[in-house]
Amino acid sequence: MSNIKNKSAIYAGTFDPFTNGHDDIVKRALNIFDDLTILVAKSPVKKPLFSVAQRVGMLNNLYAKDDRITIDSWEGLLVDYANEKGKKFLVRGLRPSGDFEIEFQMASMNHNLNDDIDTIFLMTGPDHYFISSTLIREIFQHGGDIESHVPPIIFNKMKELNKG
Ligand code: COA
């Protein structure tokens, strides 16, 4: 395994929408890594509410002032993106609600596909472990209050996009 110091990492996800739980992982990953690529996955199986371009746009707005963060999108294998960009670390948030088995499987498969690549797990914070993007979308679509679970920029964009 390479040394983590002075390294960059990728935080991939569907981010439909990006939540405070994701933001918490980003901030903590930046205590470990020098820079981070937030990679929006197309994830057609999930039938996302927002297009990739909309999700990328929201994240560019959210992190416009932080030059340690790059926003990108990708449709293929995560390890292929990492290879192309010369990155060796993937960051994942772990929630206590059954994430471990699937994360273990994904991290093992990614390492198997490219043994230069390792996954670093951060425990999801106590204020966020019970949220997921699907729940946030569902509550939002039914007019429920999601404001405390998504960054203000994302909340405002969601309201705008919902009107249009
Ligand atoms: N706080 C709050 N919610 C969180 C969270 C956190 N810290 N971490 C994850 N979640 C939520 C997400 O919002 C997501 O909610 P949803 O299922 O309602 O959309 C859920 O937990 C699962 O998140 P995650 O495991 O990150 O799934 P994802 O769909 O967002 O991302 C990819 C999965 C895109 C990273 C993965 O499928 C991938 O790498 N795909 C590329 C193709 C590939 O390489 N496949 C082989 C992998 S071995």
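For the single chain, residues carry numbers from 1 onward in sequence order. As the structure is a prediction and not an experimental result, all values here were calculated from the model. In listed order, ligands and their atoms are each counted from 1. FYI, side chains are in, hydrogens and waters are out, and symmetry mates aren't considered; it's all heavy atoms of this structure.
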Atom 40 (N) of ligand 1 protein-contacted, heavy-atom criterion under 4.0 angstrom: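 Flag for atom 40 (N) of ligand 1 set to false, no protein heavy atom closer than 4.0 Å.
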Looking at atom 23 (O) of ligand 1, is any protein heavy atom nearer than 4.0 Å to it?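 No.
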Short list, please: which atoms of ligand 1 are under 4.0 Å from a heavy atom of [X]?
X      : value
Gly21  : 1 (N), 2 (C), 6 (C), 7 (N)
Ala41  : 34 (C)
Ile131 : 2 (C), 3 (N)
Leu78  : 39 (O), 43 (C), 44 (O)
Ser132 : 15 (O), 18 (O)
Met109 : 48 (S)
Glu103 : 25 (O)
Ile25  : 7 (N)

Apply side-chain contact (heavy atoms from CB on, under 4.5 Å) to Asp80 and Trp74, showing your working. CA-CA 10 Å; Asp80 287 343; Trp74 185 251; 3.9 Å; yes
Matching residue for Lys27 among Asn31, Asp24, Asp23 - test: side chain to side chain donor-acceptor pair (under 3.5 Å):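 Exactly one pass, corresponding to Asp23.
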Can you tell me the protein heavy atom closest to [atom] and the distance?
atom                    : value
atom 7 (N) of ligand 1  : Thr124 OG1, 3.1 Å
atom 18 (O) of ligand 1 : Thr134 OG1, 2.3 Å
atom 21 (O) of ligand 1 : Arg95 NH2, 2.8 Å
atom 28 (P) of ligand 1 : Thr14 OG1, 3.4 Å
atom 43 (C) of ligand 1 : Leu77 CD2, 3.6 Å
atom 12 (C) of ligand 1 : His22 NE2, 3.5 Å
atom 17 (O) of ligand 1 : Lys46 NZ, 2.8 Å
atom 37 (O) of ligand 1 : Met106 SD, 4.3 Å

Flag the pair [X] / [Y] as yes when at least one side-chain heavy-atom distance between them is below 4.5 Å, and no otherwise.
X      : Y      : value
Ile136 : Pro17  : yes
Ile32  : Phe89  : no
Asp118 : His111 : yes

Could you measure the distance from the CE atom of Met58 to the CE atom of Met158? Nearest 0.5 Å is fine.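 If we round to the nearest 0.5 Å, Met58:CE and Met158:CE are 7.0 Å apart.
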For Gln105, is the nearest heavy atom under 4.0 Å from an atom of ligand 1?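 No heavy atom of Gln105 comes that close to ligand 1.
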Among the heavy atoms of Gly76, does any lie under 4.0 Å from an atom of ligand 1?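 Judged by the 4.0 Å heavy-atom criterion, Gly76 does count as contacting ligand 1.
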If we count only N and O atoms by modelled type, under 3.5 Å, do the side chains of Asp127 and Asn20 hold a donor and an acceptor together?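 Short answer, no.
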Do the side-chain N and O atoms of His22 and Thr19 include a donor-acceptor pair separated by under 3.5 angstrom?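 Result is yes, a qualifying pair exists.
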Test of understanding: given a 4.0 Å heavy-atom threshold, classify the contact between Arg92 and ligand 1 as side chain, backbone, both, or neither.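 Only the side chain of Arg92 comes within reach of ligand 1.
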Would you check whether [X] has a nitrogen or oxygen atom less than 3.5 angstrom from a nitrogen or oxygen atom of ligand 1?
X      : result
Tyr11  : no
Ser43  : no
Arg137 : no
Ser133 : yes

Are Ile154 and Leu49 linked, directly or through other ILVMFWY residues, by side chains that come within less than 4.5 angstrom of each other?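 Same cluster: Ile154 reaches Leu49 through Ile, Leu, Val, Met, Phe, Trp or Tyr contacts under 4.5 Å.
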Hydrophobic clustering (ILVMFWY, side-chain heavy atoms < 4.5 Å, transitive) - are Met106 and Leu78 grouped together?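 No, no single cluster joins them.
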Is it the case that over 12 heavy atoms from other parts of the model lie below 6.0 angstrom from the CD atom of Glu75?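 At most 12 heavy atoms, drawn from other residues, nucleotides or ligands, come within 6.0 Å of this atom.
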Quick one: sort the Phe155 and Phe140 rings into parallel, tilted or perpendicular, breaks at 30° and 60°.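 Rings of Phe155 and Phe140: perpendicular, over 60°.
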Using the salt bridge (charged side-chain N to carboxylate O under 4.0 Å, His left out) definition, which of the options Lys85, Arg68, Lys87 pairs with Asp35?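 Only one option passes, and that is Lys87.
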Nearest heavy atoms of Val91 and Tyr11, plus distance in Å: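 Between these two residues, the closest heavy atoms are O-CD1, 3.2 Å.
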side-chain contact (heavy atoms from CB on, under 4.5 Å), that's the test. Do Ser133 and Lys46 meet it? Break it down for me. CA-CA 11 Å; Ser133 298; Lys46 284 198 166 179; over 6 Å; no
